[in-house]
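Here's the structure, in structure tokens; my notes come after.
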Amino acid sequence: MHHADLRELHRLMLVARRLDEEAIALQRQGVLPAYAPAKGQEAAQVGSAAALDLARDFAFPGYRDLGAAVAMGVDLVAYLATHLNIWHGGLYDPRASRLAPFNAVVGGPVTHAVGWAMGATLDDTGGAAITYFGDGASSQGDVHEAMNFAGVYRLPVVFFCQNNGWAISVPTGRQVAGGSVAARAAGYGIEGVRVDGNDVTAVFEATRTALDRAREGGGPTVIEAMTFRMGPHSTSDDPGRYRTLEEEQSWRDRDPLVRAAARLTAGEVAAAEDHATEVVREVREGLLALEAPPAEELFSFVYREPTKALLEQQRTWKESLDA
Ligand SMILES: Cc1ncc(C[n+]2csc(CCOP(=O)(O)OP(=O)(O)O)c2C)c(N)n1
Ligand SMILES: [Mg+2]
């Protein structure tokens with residue numbers, strides 16, 4: 001990888017890290033109701049999303065994938081607005097940004113990505129889908145059906161698993177039988193690779209290879225990025241109740257940002273910090289300035305034609321306003 005590319009990936013990772021810290025602060029200040037921190041997973045998210053071709057590909061994220069949104073150039077105020085809970089999903093345009101609304105259903109985005117990949121094949125668009133999910137999600141039935149279906153039809157999809165060691169308080173060893181998500185790919189007749197998820201270069205290369213293969217008709221790939229969730233599962237979790245400080249310390253030494261920064265000059269790292277500070281300031285101001293959309297919209301866009309039940313709810317809601 002060229003030095004300039006590494007510098008750019010580090011810059012994106014640092015924006016993700018600082019924005020993640022800001023999101024936690026905003027949650028503590030009562031601005032965001034809840035947030036799922038991504039600290040420690042920046043190399044996995046940024047490295048993989050940076051490998052996408054935004055003219056053709058499409059990404060399906062989970063709830064902890066801020067780094068993917070950063071790397072894809074999604075409007076970050078509109079992205080983080082999802083956490084404000086003032087609308088259905090975020091305020092960004094998934095079709096224009098190529099990033100689906102984030103999904104809090106464990107394993108949910110995996111089936112969506114496979115469906116999209118089926119459509120891309122039928123329409124012969126030449127694009128590939130990437131889906132983000134966790135080690136815990138990999139034990140969900142839907143994920144296995146999605147992988148099997150993608151294998152049978154050799155669909156252009158990359159199953160990007162961030163194995164961060166934990167599914168809330170359950171360690172990977174207690175819910176991934178056989179110990180490897182990547183190894184499961186063999187059962188579906190598809191490629192499976194394990195990659196150092198805290199090495200942004202390795203993640204980028206592995207994802208680019210998998211996306212190229214998918215677009216060329218070579219079928220799906222499971223990528224298992226080995227990483228660590230350095231913070232809590234969510235802003236209402238206390239990891240001290242289920243894991244040790246020794247484990248956390250051993251991963252602090254493998255921090256993806258420290259590893260990338262070690263390959264850059266002090267001046268480059270300082271410039272990236274200045275840039276991240278500026279982005280965070282703008283996003284914070286943008287979020288605080290957002291007005292809630294008209295409450296009436298709660299009933300729009302759910303169905304093409306509203307159902308009787310929905311109209312009934314809308315009527316009750318309106319009456320409650322007048323009361
Ligand atoms: C279908 C479904 N079941 C259960 C939950 C509750 N839940 C939220 S996150 C989570 C653990 C997911 O772990 P993993 O897939 O490893 O992702 P991580 O949170 O570590 O990024 C669970 C069980 C959910 N959101 N959706
Ligand atoms: Mg996990």
Side-chain angles (χ1 to χ4, degrees), residues 16-17 20 23-24 27 32-49 59-70 79 82-83 85 88-89 99-115 130-147 158-185 194-198 203 222-244 247-248 250-251 254 256:
R17 171 71 56 95
D20 195 64
I24 294 166
Q27 194 277 335
L32 302 180
Y35 180 71
K39 183 177 181 179
Q41 301 181 212
E42 294 89 349
Q45 296 173 6
V46 168
S48 56
F60 293 82
Y63 44 82
R64 196 193 300 292
D65 296 316
L66 171 66
V70 170
Y79 176 82
T82 316
H83 292 279
N85 273 5
H88 307 294
L99 181 72
F102 82 48
N103 198 324
V105 178
V106 167
V110 181
T111 47
H112 295 176
V114 169
I130 188 167
T131 175
Y132 292 90
F133 60 106
D135 46 293
S138 80
S139 306
Q140 194 83 358
D142 277 359
V143 172
H144 293 269
E145 293 180 32
M147 286 182 184
V158 176
F159 297 97
F160 192 89
C161 178
Q162 293 173 76
N163 185 339
N164 62 6
W166 294 89
I168 313 183
S169 57
V170 182
T172 311
R174 271 187 44 215
Q175 44 86 15
V176 176
S180 164
V181 178
R184 291 170 170 176
R194 208 175 226 194
V195 62
D196 179 346
N198 284 13
V203 172
V222 176
I223 298 177
E224 182 180 17
M226 304 306 288
T227 183
F228 189 70
R229 158 166 67 70
M230 293 176 82
H233 172 76
S234 73
T235 42
S236 43
D237 174 45
D238 172 10
R241 295 182 62 179
Y242 54 80
R243 68 186 190 191
T244 63
E247 182 183 8
E248 293 184 1
S250 81
W251 281 93
R254 286 175 270 177

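These numbers come from a predicted model, not from an experiment. Residues take their numbers from the sequence shown, with the count starting at 1. Atoms within each ligand, like the ligands themselves, are counted from 1 in listed order.
- Ring orientation note: the planes of F102 and H83 are tilted relative to one another, at an angle of 30° to 60°.
- Checking T227 against N198 by side-chain atom types alone, a donor-acceptor pair falls below 3.5 Å.
- Not one N/O/S atom of G165, from backbone or side chain, sits under 2.8 Å from the Mg ion (ligand 2).
- A tilted orientation is assigned to the rings of W166 and Y242, their planes being inclined by 30° to 60°.
- A donor-acceptor contact shorter than 3.5 Å is absent between the side chain of H233 and the backbone of D238.
- Scanning the protein for heavy atoms near atom 25 (N) of ligand 1, the closest one is A104 O, 2.9 Å.
- Heavy-atom distances between Q140 and ligand 1 reach below 4.0 Å in at least one pair.
- Judged purely by atom type and a 3.5 angstrom limit, T131 has no side-chain atom pairing as donor or acceptor with the backbone of A113.
- With ligand atoms numbered from 1 in the order given, ligand 1 contributes 14 (P), 15 (O) to contacts under 4.0 Å with heavy atoms of A137.
- Shown in contact with H233 at under 4.0 Å from a heavy atom are these atoms of ligand 1, numbered in order with element: 9 (S), 19 (O).
- Ligand 1 has no nitrogen or oxygen under 3.5 angstrom from a nitrogen or oxygen of V105.
- Looking at S138 against ligand 1, nothing comes within 4.0 Å, counting heavy atoms.
- Defined by atom type and a distance below 3.5 Å, a donor-acceptor pair is missing between the side-chain atoms of D142 and T111.
- Between the side chain of E42 and the backbone N or O of G40, at least one donor-acceptor pair lies under 3.5 Å.
- Distances below 4.0 Å separate heavy atoms of N164 from the following atoms of ligand 1: 18 (P), 20 (O), 21 (O).
- The only option from Q41, E224, R229 that meets the side-chain hydrogen bond (donor to acceptor under 3.5 Å, both in side chains) definition with Q162 turns out to be Q41.
- In this structure, the protein non-hydrogen atom closest to atom 16 (O) of ligand 1 is G136 N, 2.8 Å.
- In summary, the atoms of ligand 1 found under 4.0 Å from a heavy atom of R64, numbered by their order in the structure, are 18 (P), 19 (O), 21 (O).
- Residue-level check: among N/O/S atoms of D135, OD1 sits closest to the Mg ion (ligand 2).
- At a cut-off of 2.8 Å, T172 is not counted among the residues with an N, O or S atom near the Mg ion (ligand 2).
- The residue R229 has no part lying near ligand 1, judged by heavy-atom distances below 4.0 Å.
- Counting heavy atoms only, V106 comes closest to atom 24 (C) of ligand 1 of the residues N103, T172, V106.
- Aromatic rings from Y132 and F160 are positioned such that their centres are separated by under 6.0 Å.
- When each atom of ligand 1 is checked for a heavy atom of I168 under 4.0 Å away, the hits are 10 (C), 11 (C), 22 (C).
- Atom CZ of R174 is surrounded by 12 or fewer heavy atoms from other residues, nucleotides or ligands within 6.0 Å.
- Looking at W166, Y132, Y63 and measuring to atom 17 (O) of ligand 1, the nearest heavy atom belongs to Y63.
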